[in-house]
Each structure stands twice: as structure tokens, then as C-alpha cells.
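Index from 1, following the sequence. Remember, it's 1-based here, ligands and their atoms both numbered in the order they're listed. Quick note: numbers below take in every heavy atom, side chains included, and nothing from hydrogens, waters or symmetry partners.
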Amino acid sequence: MEKILGTFVSEGIAIGKIQILPEPIVVEKEIISDKEAEVKRYEAATKEAIALTDELINKATDDSAKEILEIHKMMLEDLDYTETVINGINEQSYNASYAVKEAGRILSQMFFHMEDEYMRARSADVLDISDMLIKVLAGQGKVDYKTPSIFVGKDIMPSQLVELDPKIILGFAFSEGSVNSHSGIVARNMSIPMVCQLNKSLVNYDGLIGIVDGKAGVFIVDPDSETLALYEKKQKEYLDFQKMLVELKGKSDETVDGHHLKIKANIGKPEDVDKVLQNDAAGVGLFRSEFLFLESEDYPTEEEQFNAYKEVATRLSGKDVVIRTLDIGADKTIPYFDLPKEKNPALGYRAVRICLDRVDLFKTQLRAILRASAYGNISIMVPMIISVEEVKEVKRIINEVMSELDQKNIKYNRDIKLGIMIETPASVIISDLLAQEVDFFSVGTNDLTQYTLAVDRENQKVKFDKHHLAILRMLKIIVDNAHKYGTRVCICGELGADLDLTEYYLAIGLDEVSVSPPAVLKVRNKVRGLNYSDIIKNYKPL
Ligand code: PEP
Ligand code: MG
């Protein structure tokens, strides 16, 4: 047995078989000189991919799955596909993986624009086989993610996480990673126990039994029977506590003396609405729309985005749905965006900066959001704001999109509310001016802490002091400035769910928090145990 101490990311106890997660594959364009060797590598990979597909065909019990796998096999052998890849290698001097990626992109686009419905559906299959070939080329062809497991490795990228079937993820344990990473946020949203920063190689533990104690930040490998029994008991206690929280469904978010703190939930995709409803949140306070982009192989169309936003709005039947416009960049990179490599991506081309530069992309998203606003209570929220000018420019573009929709007689909510994320020190300092421009603020404490303390939110070597006095004081400044102009304030960063700060939030007059769905009832439990007038009586400004 081995007990490894790391850092908390997401609470809960997982017990199960360990499966090693390979490092994420990043396909980079390389210019190669030995073309013949690269073609041979591609041909060998094709053979291996066909053999793997044959294995899957033999194992498949479902006829439709078999049929799709047969199509994949045909495509792997297809001359047009092969020729496109080999041309990429011979004519453009691309490395095999990049040539495969390009062939997948070109041919899937071609299928996508075909008249015939059957052929259009092949677009996804070409991308599937290209993905498989890229994995085989990286030596990861045999990975089988079918068994419920504790996934273990160096770290996991958000794009890798969204590919895993949630039903088979018991827990995560990583040698690197960080509590503030977007993968950490997703794990908390999905109630997956997770620890990180175990600071040792974990590759040799494949197939052994592991235990993740998320809250304690502990990972145990090959437990003895006494330890196993202890953690089985802890797991049961944790699940019993979760059951107790369920009793709070349908109850109000009020202190014992009737003061209200609205508790909403954060989501990344329409399916997350299940958890929002299960946990009885007052709405969605942050829809990280970039996850729609992270899950796609190409820019999601206006129609795809519209359907996703409409689904969330409809299912929440009148409750608030705050859709954050694209917040891409920094750790959320997407290959098809072809973002330039930057020295300091967190300080670079990201979020609203991309949207104000690539206005067509922004307008497509705004059109989709506005159209969906006819079906529920949607608001728009813009991330990473640092100036009044940016907000004015965003408003100008929204007005332009509204006029275009008017001309086409397309319905939308003309009074849609506009909010901004307060997640840069600049926006805190000018929050009095910004409050006059928008309907609400939502404080992104994850980035606000990063930019205020000058600590990378994912760097384990520097202390991410989430209770730093500077942050706590900033929260008070933001609320005071906002309330002067009738602007509501929510916290949608991870600090919103920090139960050590709930009293402080009530004391400074915060209106709302938006937390991961599994945290909604925990915060409600806390609020319902507090007395507001006592908090105000005892409050001393920090
Ligand atoms: C934040 O920065 O606190 C926030 C909510 O946004 P994200 O974590 O997606 O950057
Ligand atoms: Mg942020």
C-alpha cells in the first residue's frame, strides 16, 4: 500500500481500478525531409487502425455500431482519403499526424456540404478515423476507455476530459494539475473526486486498486484491507451527507431571519442542465459557452449554438440563464482557432479581445444568443473586460446584430440584460464607471485572484491565496460601486462556493453566487443556518 499526499481539487471518495491516461496529443505542423519514412509511418498506422477496428467489429454486440465500424474500416482503406494524406506528406512536407489532421478537416468539410443526408453524416466519421490514426501515430491506439476507473496521469486537458464518458470516470489523480484549472472546475461540476499535485510519476500503478479522497487531497494505491474498509465507510458517510442535502430541495435560499442570497449554478454544456435542476439552483449564473467550441472539431454554426442556448433556456423555464460569450485562450486552446503561440497567453489574445477582433465570430454567437432569448430568460455576459470602451463596442455590435434580426423579422428579447465579468483589477478600479453601462456584474474570482496577486492560477509553485485581503476588499469595492447604480453583483468564480466566506458575502451585500451544481445545496445549507442581523451587527470592515 502507498499513500500519496497531494492537493484537493474536487471532493468525494472514489474507490476502483486505476487506469493510466496518456498525455494529451497536440498535433503540431512540422516540415519533414524524409517523406518516404513519413509515408511508411502513415501506412503502418493505417494497418494498425484497421486491425483495431476489426477487433471492435468482432466485439460489437449492437448491429448499428457494427455498421458504423464497417464504414470506418472502408474509410481507412479509401483511396481518396489515403491520397489526400500522402499528398500532404509528399507535396507540403507535412509530418504524418498533421497530414492526417488536414485530410480529416478537408474531407469532413466536403462531406458536410453534400446534398445527400447519408453522405453528410459521413463528415463525423472522417474526423473519427483521423482521430484514431493520430492516436495510433502517437502510440496510443490501444487505449480502451470502457471500464469504470480512476483515471491517473500527469494532468488532463479540458478537451481530453470532455471526450471521456462520464459514466466510466470514478475519480482522477494527477501528478501535476491545479485546483483552479478548467479541468478541475469541470470535475467539480460533475462531482468527480479529484486530487492533483501528487508530485510523482504514477505510470506504474496501472491496473491496481486506488482510492481518491478528494477533500483530503490524498491518493492511496493498493490499499490493505483495513484501509479499504475505512474508506468504504467514509464513502458511505459522504453519500449520506449528500442525501441529507437533497432534503433541502425546494427550500428557499434564506437565512433564519429571511435575508436572501440567490444561488445559481455554473454550466459548460446543455446536458449540465440535468444537474442544475437536480440540485434545485435558482438558474444558470454562468454558461461557459466556450465548452461548446471545445467539444467541436470546427466552429459550431449559428444553428448549433442557437439550439444549445435555446435548450438551456427552455429547460430552465423562465429562470435566469446567463450566457458568457466566448472565453477562449490561455489554458482553453482550440486547434481550429489557430491561435498564435504566445509567451504569456493569460495576458494575451483571449476572450473579448478575440471577439472584438474577429467580429464575424462574435456576431454569429450574439445572433444565436439573441434568437434563443425569445425562448427563456437569457442574459449576455462578456468576460475579461478592462475598459468602458470595450463595453461600448460590445453594445454597438449587439445593437447592430439586433437591427439585422429586426430587418429579417426574427424574434428576440429586445430588453435582454447585459452583464460583464469583473475579473481584472482594472475593472474593479473602474467598477463605478462600468456599473453605469451594464445591468449586472459577475465576479470571476479565479482570474481576479490570478491577475491581482500576479500568480498563475495553474502554477503549483506559487501560492494562490484565495482569501488574500486584496481580493476580499475588492469584493466590497465592487458591490458598493455596483449598488450605487442599481447594478446587481454575483460571484461566479470558485470562491462563491467557499463556505468560510458566506457570512462575509452577506455582510457586504452580495446579491448572488453562482457555483458548480453539486455545491448549490451545500451553500443553501450554510445560508439557512445563518442569522443575517447577527452578521450585520458583528461586521467589521476588512
Ligand atoms: C473566473 O475567472 O473566476 C471565472 C468564473 O471564469 P473562468 O474560470 O472560466 O476563467
Ligand atoms: Mg475567468
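The Mg ion (ligand 2) has an N, O or S atom of Asp447 under 2.8 Å away, backbone or side chain.
Checking only distances, Glu290 never comes within under 3.5 Å of ligand 1, N or O to N or O. Residue contacts with ligand 1: Glu423 is placed with a nitrogen or oxygen under 3.5 Å of a nitrogen or oxygen of the ligand (distance criterion only). Polar contact check, Glu494 against ligand 1: no nitrogen or oxygen pair lies under 3.5 Å apart.
Take the N/O/S atoms of Glu423: the one nearest the Mg ion (ligand 2) is OE1.
Side-chain N/O atoms of Tyr299 and Glu304 include no donor and acceptor closer than 3.5 Å. Side chains of Ser514 and Asn266: a donor on one and an acceptor on the other come within 3.5 Å.
Under 4.0 Å from ligand 1, the heavy atoms of Arg324 that appear belong solely to its side chain.
Scanning both residues, Ala187 and Met194, for their nearest heavy atoms gives CB-SD, 3.6 Å. Heavy atoms only, all atoms of each residue included: Gly509 and His483 are closest at O-CE1, 3.1 Å.
Counting heavy atoms from C-beta on, the side chains of Leu326 and Phe362 never come closer than 4.5 Å.
Listed by number with element, the atoms of ligand 1 under 4.0 Å from a non-hydrogen atom of Arg457 are 2 (O), 7 (P), 8 (O), 10 (O). Per-residue contacts place Ile185 under 4.0 angstrom from the following atoms of ligand 1 (heavy atoms of the residue considered): 8 (O). The ligand atoms of ligand 1 that sit less than 4.0 angstrom from a heavy atom of Met421 are 4 (C), 5 (C), 6 (O). Of all the atoms in ligand 1, the ones that sit under 4.0 Å from a non-hydrogen atom of Lys332 are 9 (O).
Of the protein's non-hydrogen atoms, Arg288 NH2, 3.5 Å is the one closest to atom 5 (C) of ligand 1. In this structure, atom 7 (P) of ligand 1 lies nearest to the protein heavy atom His182 NE2, 3.3 Å.
For the side chain to side chain contact (heavy atoms under 4.5 Å, CB included) test with Ile380, the passing option among Ile323, Ile398, Val438 is Ile398; the others fail.
In this structure, Glu389 does not pair ionically with Lys392, as no charged nitrogen and carboxylate oxygen lie closer than 4.0 Å.
Other residues, nucleotides and ligands place more than 12 heavy atoms under 6.0 Å from the NZ atom of Lys363.
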